[in-house]
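Some notes on the structure that comes next.
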Amino acid sequence: MDEIEVAVKKFSENRKSTLFDEYERLSVEIQLNQAMLRRSLSEPGTSMFRAHLGVGAPPLVQQPVEQGKRGTSWGNGLHKIVKKLLRPVFWKKKGRKNVHHHVEKEQQEPSRSKNNNDLKSWKRFSKSVSNSFRIQSYSSASNSSTLSLTEMKGEYQEYNSSKAKVKQLVDEIRATPPQERSKILDSMIEKQGESKTIGYINDLIMGLVMAEELDLALKLFDEMPLHGLSPDCWTYSILIRCYCKKNQPDEGKRVLDCMIENGFRPNVVTLTILVNSLCSRGRLQRAFQVLEIMGELGCNPNVQTYNCVLKGLCFVGRVEEAYDMLMGLKRKGDNDNEDSSSTNPDIYSYTAVMDGLCKVGRSGEAMELLEEAIAMGLTPSVVTYNALFNGYCKEGKPRKGVGLLKQMKDRGCVPDYISYSTLLHGLLKWGKFMAAYWVYKEMAEVGFKVDGRMMNTLLRGLCRKSWNEQELFKFVDEIYAKMKSWDYSVFPDTYYLVIQTFCIRKEVDMALITLKEMIEAGYFPRMVTINRIIRGLCKEGKISQALSILVLVCEAGKFPSKISFNILIDEFNRQGFVLGACNVYGAALKLGIIPHQIPSSSQQIKLP
DNA sequence: CTAGGGTTAG
């Protein structure tokens, strides 16, 4: 009697507790249950479960996440298997298909993604850094040269002022809101009055192009006759650049024709911009036309031009031709050393072809090219290695990638974020979790943050692996702790595997803590997870805690599975608490579930 | 009288 009074008191004291004290409350409740169970042996007919299995219990979790969102577990599993089986075929097809896709409907291919913008702004930034460096080195070089002071000053100012003017214009344009830019522009031209020169307008158009105000730049060009100015060579060059930026290389080609008609001779640089724009959209035919024009003009393409073509050939899948072209360039360099120094293949050329080979699954040949480049005295860059990593990882040889990583470090090339994440992604994709762990480790040491999705995958992989190799438990703990400290979101199926791993390790307490964390994160565990924990608790004989989990499920408004009841009844039977087993059975029936397991008294009944 | 060009992952 005493016992029950104490338990009831504790129970009512804890009734109003908050969500996260639920466990404490439940355990008190269980104490009450046990007391009542003992009593019910002498007073038959007391149903101890009425209290919390009855109707009207408050939901435990405020807004449980719907579990069935991703379909049934069976459907999900099947989907995964099919996906896995198709994967090696899939990427190849996808790659090729894309290529043709680009060739045929090239008109509609706007900006790629937000990421691209980041890249662009980064490029802009790094370019401005290198430009300012160039100016610096220029001035210091002039200082030590034999130029007279006035000459030097003049040259320096001239060089600097044109650039600075354009840069200032760009800043000004950027500072004004987009709608007012047109007005500002008009007033700027107005202010110039009669003294406007072609140079000024050119700077203006250039500034607009650099500030991505391409339509305004075109408008200004159209208005040039109104100001009594006619375009010069530089104006046309900027215009071509503008159309290339607008992703309308065909228009650019038209400007080129017009330019030549008017007797202007474009530069290699301008032509290369055009070739690049054509190639990167897969318009190889046009690009070759431009090359022909270059030949006619006697304006020889240089490495940069050829590199653009190489890239273009690879892009549309004509890797073989790209390879031949590279070999041709190399041979040309070997034969006549006089005038070919500007067309000798450099590391960019090799990288372009290697990337092409890797994308069609010929990373072996790409590797040979790497050796060749090194033998030629070229220094492979990070990008070169990254292309190879990508190839290896797509072909399912991520281990070779690990070897390459070591090689590149030995050769003094520092891997960047892309190197590591490509490799890590590949290792995870092909199930090499230990290798992936070591790559992760290295990344963390260097100071790179691993993407949250990959961390989830890594953790899941390590969990599964640790079931057979217990020495991996510490890695699981490490990764899980890291994810929590980084505030990464742990996915529901990852939680499930961590919980299951704790159960297998016979650390049910940790499993319970993880379950609590999972609920706090806003996920309600699937029944499999629930059953896993109930089974784990039962194995340790902690049947009251196991019961509390079942209660938790009911109070959350979830429908417990038959298996949960089976496990509990089985355990009650095993411990000899037939009445407990009967009560659980009864509770199940009340919910409309008929457990497979039946209360049995095969063992001797324990009396308290 | 000069400006101005090229490479990488999911």
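Below, chain A is the first sequence line, B the second, and so on; all start at residue 1.
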Checklist line | Whole-Å distance separating the CZ atom of Phe264(A) from the P atom of dG4(B) | finding: 20 Å

Check: In whole Å, what is the span from the CE atom of Met210(A) to the C1' atom of dG5(B)?
Finding: 13 Å

Note to self: Tell me whether Thr270(A) contacts the main-chain N or O of Pro266(A) through its side chain, where contact means a donor paired with an acceptor under 3.5 Å.
What the structure shows: no

Margin query: By the 4.0 Å heavy-atom rule, please label Thr305(A) as base, sugar-phosphate, or nothing.
Written below: base

Notebook entry, point to check: With respect to the side chain of Asn386(A), which nucleotide from dG5(B), dA9(B), dT8(B) is positioned closest?
Noted result: dT8(B)

Next item on the list: May I ask you to decide if Thr305(A)'s main-chain N or O and Asn302(A)'s side chain share a donor-acceptor pair within less than 3.5 Å?
Entry: yes

Next item on the list: With heavy atoms under 4.0 Å as the rule, sort Asp451(A) into base, sugar-phosphate or nothing.
Entry: nothing

Check: Has the side chain of Glu213(A) got a donor or acceptor atom that lies under 3.5 Å from a matching backbone atom of Ile173(A)?
Finding: no

Checklist line | Whole-Å gap separating C1' (dA9(B)) and CG (Asn390(A)) | finding: 6 Å

Next item on the list: Quickly work out the Asp232(A) CG to dC1(B) C1' distance and round it to whole Å.
Entry: 12 Å

Notebook entry, point to check: For the pair made of NE2 in His425(A) and P in dT8(B), what is the distance, rounded to whole Å?
Noted result: 19 Å

Next item on the list: Would you mind reading off the distance between Ile347(A) atom CD1 and dT8(B) atom P, rounded to a whole angstrom?
Entry: 14 Å

Item checked: Whole angstrom value for the distance that separates P of dA9(B) from CZ of Phe448(A) -> 16 Å

Check: Would you say a side-chain N or O of Lys394(A) is under 4.0 Å from OP1 or OP2 of dG10(B)?
Finding: yes

Check: Do Asn267(A) and dG5(B) share a donor-acceptor pair, side chain to base, under 3.5 Å?
Finding: no

Check: Is Lys311(A) near enough to dT8(B) that one of its side-chain N or O atoms lies under 4.0 angstrom from OP1 or OP2?
Finding: no

Check: Ser381(A) side chain: which of dG5(B), dT8(B), dT7(B) is closest?
Finding: dT7(B)

Notebook entry, point to check: Going by 5.5 Å between centroids and 30° between planes, is there a stack of Phe389(A) over dA9(B)?
Noted result: no

Next item on the list: For the side chain of Thr351(A), starting at C-beta, report the closest nucleotide among dT8(B), dT7(B), dA3(B).
Entry: dT7(B)

Margin query: Using a 3.5 Å distance criterion without hydrogens, assess whether the side chain of Asn276(A) forms a donor-acceptor pair with backbone atoms of Cys308(A).
Written below: no

Check: Base, sugar-phosphate, or nothing for Ile418(A), non-hydrogen atoms under 4.0 angstrom?
Finding: base

Next item on the list: May I have the distance from Met455(A) (atom CE) to dG10(B) (atom C1'), rounded to whole angstrom?
Entry: 17 Å

Item checked: Closest to side chain of Tyr348(A), choosing from dT7(B), dG4(B), dT8(B) -> dT7(B)

Check: Once you round to the nearest 0.5 Å, how far does CG of Leu271(A) lie from CD1 of Ile240(A)?
Finding: 7.0 Å

Notebook entry, point to check: Hey, does Asn202(A) reach any base, or is it just sugar-phosphate, or nothing, if we go heavy atoms under 4.0 Å?
Noted result: nothing

